[in-house]
S.K.: 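Pasting a structure here, questions to come.
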Amino acid sequence: MERRELELYIHIPFCVKKCNYCDFLSFGTEDERLAETPCHPTRQLPVPEVYVDRLCREIRWYGSKEKFRHRPVISVFFGGGTPSLLSEGQIFRVMAEIRENFLIRRDAEITMEANPGTVTPGKLNQMRFCGINRLSLGLQSTLDSELKALGRIHNYGAFLQSFRWAREAGFKNINVDLITAVPEQTMASYKKSLEQVAALGPEHISAYSLIIEPGTPFETLEAQGKLILPDEDEEREMYRLTRRFLSDKGYERYEISNYARPGFECRHNTGYWRGKDYLGLGLGASSLIDGCRFSNTADMKRYLELETGTDGWYSESGRLSREAQMEEFMFLGLRMVRGVSEKEFYRKFEEKLMTVYGGVIRKNEARGLLIRKNGRIWLTERGMDLANIVESEFLL
């Protein structure tokens, strides 16, 4: 009987409105891609029942497989889109199916992403009742002008109200997302966001740099010269300010962009960076099981009509090669402040890490970008600044 740990990811691809920077698989209220499907939002709840029905069937299908049913689930993560658009009844249905069909460990971390303006005291109480014990609030900035530029649907006041309601509902593990280097942001405005968020005392803070993704409104504005962004030096200084400021407030950086009070590191994300098996459920959701990657169809019509596991339901990239697994072990593991373990590398690949990567490691040690000590290898502070460059050198 399979007893290795497993993580679950549940994709809810609906939003009130897509943000100007977002390239995730999600649909705003007026998205024309939904026009010819039963998921057209003008006909249904913000998250249509037909989608929840299909998601629950998928949960049952995977849960019936011996390969999954008895594996202890250590984390469940509702991502999107905007999962907090689920109604109270839908939250109950999906959580009931997950508990009925998977072995959820008693201490499992169960996270729901939520946007201010999409939660109510009743909905938050229902989340807690169903066992959701971690809330991730997408704030991004405390300045309303910056929120408007990002295309967010809320203002800072709505976030404060949502945060207060979450505490009153009993959430003792809350993450707040921030974005750095947003349009017209300054060091002073970003510092203000940091100060105001830290003063609230969330258990976890994520601070990501804005990336201009293809196909987004921001890409169009940038091409037209209408997007005013902080320059590279300002962006790097924001990154350093985040580290210094949050450290002084008791938050430990455990990954390049993530900070937590001791004991509140996000289990879902750390599992991903350490290569744990995860099963993705919902439209377009990706999975990694036993070294094999596969993804559900990203076509809503197919997702609703096809039976789980049939032709066209998912695409499989096949088993990752040994070299690809080594590469992922390194460039995902090096995102963590603790870095990677030589012993774990040997256990996984039956080959010494320095035999495979000795040249790259010694070169970056000499450049002051890596440290090798006591059987572990990790990025220095400067190495964190140049993480993408360093990690690319571990491609075989």
Side-chain angles (χ1 to χ4, degrees), residues 1-9 67-68 71-75 77 105 109 239 243 247 252-260 262-263 265-280 286-295 316-396:
M1 184 183 296
E2 178 62 86
R3 302 292 294 177
R4 286 176 301 143
E5 293 177 343
L6 179 68
E7 297 189 332
L8 298 181
Y9 172 80
K67 184 174 185 178
F68 298 108
R71 295 185 67 168
V73 173
I74 61 170
S75 77
F77 194 98
R105 221 164 67 175
E109 174 192 272
Y239 172 80
R243 182 182 71 241
S247 176
E252 297 178 359
R253 183 172 63 165
Y254 67 97
E255 189 269 344
I256 289 176
S257 302
N258 287 275
Y259 302 78
E265 298 83 358
C266 177
R267 189 180 300 174
H268 172 82
N269 288 340
T270 55
Y272 172 77
W273 294 317
R274 290 171 178 161
K276 282 189 176 291
D277 279 5
Y278 58 89
L279 177 64
S286 297
S287 303
L288 176 65
I289 302 293
D290 298 330
C292 290
R293 284 200 187 287
F294 54 96
S295 301
E316 184 171 335
S317 58
R319 179 173 294 278
L320 295 176
S321 68
R322 187 166 178 272
E323 289 76 15
Q325 291 184 56
M326 287 180 176
E327 292 169 354
E328 287 206 354
F329 182 93
M330 296 304 296
F331 62 70
L332 289 178
L334 285 174
R335 292 189 62 87
M336 305 286 288
V337 170
R338 293 186 68 246
V340 299
S341 162
E342 294 185 60
K343 182 178 180 180
E344 178 65 17
F345 186 93
Y346 186 82
R347 184 197 66 76
K348 191 175 181 69
F349 302 111
E350 297 184 346
E351 192 165 357
K352 290 184 178 180
L353 191 153
M354 293 301 289
T355 301
V356 180
Y357 286 116
V360 173
I361 290 167
R362 283 188 286 269
K363 181 178 82 171
N364 283 287
E365 277 187 292
R367 295 162 67 193
L369 303 178
L370 282 177
I371 293 174
R372 180 180 180 231
K373 187 177 180 180
N374 298 329
R376 300 196 72 85
I377 295 163
W378 65 93
L379 291 167
T380 64
E381 291 295 341
R382 184 163 175 265
M384 285 282 187
D385 286 348
L386 303 172
N388 289 339
I389 296 173
V390 178
E391 290 167 1
S392 68
E393 296 186 4
F394 285 89
L395 297 175
L396 294 172

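The first residue in the sequence is number 1, and the count goes up from there.
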S.K.: To the closest 0.5 Å, what do you measure between CG (L386) and CG (L379)?
M.R.: 9.5 Å
S.K.: So, for T380 and G368, which heavy atoms are closest and what is the spacing to 0.1 Å?
M.R.: OG1-O, 2.7 Å
S.K.: Is there a donor-acceptor pair closer than 3.5 Å between any side-chain N or O of D277 and the backbone N or O of D290?
M.R.: yes
S.K.: Rounded to the nearest 0.5 Å, how far apart are CZ of R367 and CG of N364?
M.R.: 4.5 Å
S.K.: Can you confirm whether M330 sits close enough to V360 that some side-chain heavy atom of one is under 4.5 Å from a side-chain heavy atom of the other?
M.R.: no
S.K.: Between A260 and Y254, what is the shortest heavy-atom contact and its length?
M.R.: CB-CE2, 3.9 Å
S.K.: Is there side-chain contact between L320 and L288, with heavy atoms separated by less than 4.5 Å?
M.R.: yes
S.K.: Under the side chain to side chain contact (heavy atoms under 4.5 Å, CB included) criterion, do I74 and E109 qualify, and how do the steps go?
M.R.: CA-CA 6 Å; I74 61 170; E109 174 192 272; over 6 Å; no
S.K.: Indicate yes or no: at least one non-hydrogen side-chain atom of E252 is less than 4.5 angstrom from one of P262.
M.R.: yes
S.K.: May I ask you to test the Y357-E327 pair for a side-chain heavy-atom distance under 4.5 Å?
M.R.: yes
S.K.: Under a 4.5 Å cut-off applied to non-hydrogen side-chain atoms, are M326 and F394 in contact?
M.R.: no
S.K.: Run the side chain to side chain contact (heavy atoms under 4.5 Å, CB included) check on I289 and R71 step by step: do they pass?
M.R.: CA-CA 12 Å; I289 302 293; R71 295 185 67 168; 4.3 Å; yes
S.K.: Return yes when atom CZ of R382 has more than 12 non-hydrogen atoms of other residues, nucleotides or ligands closer than 6.0 Å, and no otherwise.
M.R.: no
S.K.: Are there more than 12 heavy atoms of other residues, nucleotides or ligands under 6.0 Å from atom CZ of R105?
M.R.: yes
S.K.: Let me confirm one number: the CD-CG distance from E393 to L369, rounded to the nearest 0.5 Å.
M.R.: 8.0 Å
S.K.: Under a 3.5 Å distance rule, please check whether S287 uses its side chain to pair with a backbone N or O of G280 as donor and acceptor.
M.R.: yes
S.K.: Under 4.0 Å between a side-chain nitrogen and a carboxylate oxygen: does that hold for E350 and R322?
M.R.: no
S.K.: Would you compute the distance between atom OH of Y239 and atom CD of E381 and round it to the nearest 0.5 angstrom?
M.R.: 7.0 Å
S.K.: Return the CG to CZ distance between L353 and R376, rounded to the nearest 0.5 Å.
M.R.: 11.0 Å
S.K.: Any side chain to side chain donor-acceptor pair (under 3.5 Å) involving residues 265-276? Give me the pairs, sequence neighbours left out, ordered by first then second residue.
M.R.: E5-K276
S.K.: Do E365 and R362 sit within salt-bridge range, that is, some charged N less than 4.0 Å from a carboxylate O?
M.R.: no
S.K.: If you measure from CG on L279 to NZ on K67, what distance do you get to the nearest 0.5 Å?
M.R.: 9.5 Å
S.K.: What orientation do Y9 and F77 show, parallel under 30°, tilted 30 to 60°, or perpendicular over 60°?
M.R.: parallel
S.K.: Should M384 and R253 be marked as a side chain to side chain contact (heavy atoms under 4.5 Å, CB included) after you check the CA-CA gap, both sets of side-chain angles, and the distance that decides it?
M.R.: CA-CA 11 Å; M384 285 282 187; R253 183 172 63 165; 3.7 Å; yes
S.K.: Could you check if a side-chain atom of M336 sits within less than 4.5 angstrom of a side-chain atom of W378, using non-hydrogen atoms only?
M.R.: no
S.K.: Take V356 and F345, measure what side chain to side chain contact (heavy atoms under 4.5 Å, CB included) needs, and give me the verdict at the end.
M.R.: CA-CA 10 Å; V356 180; F345 186 93; 4.1 Å; yes
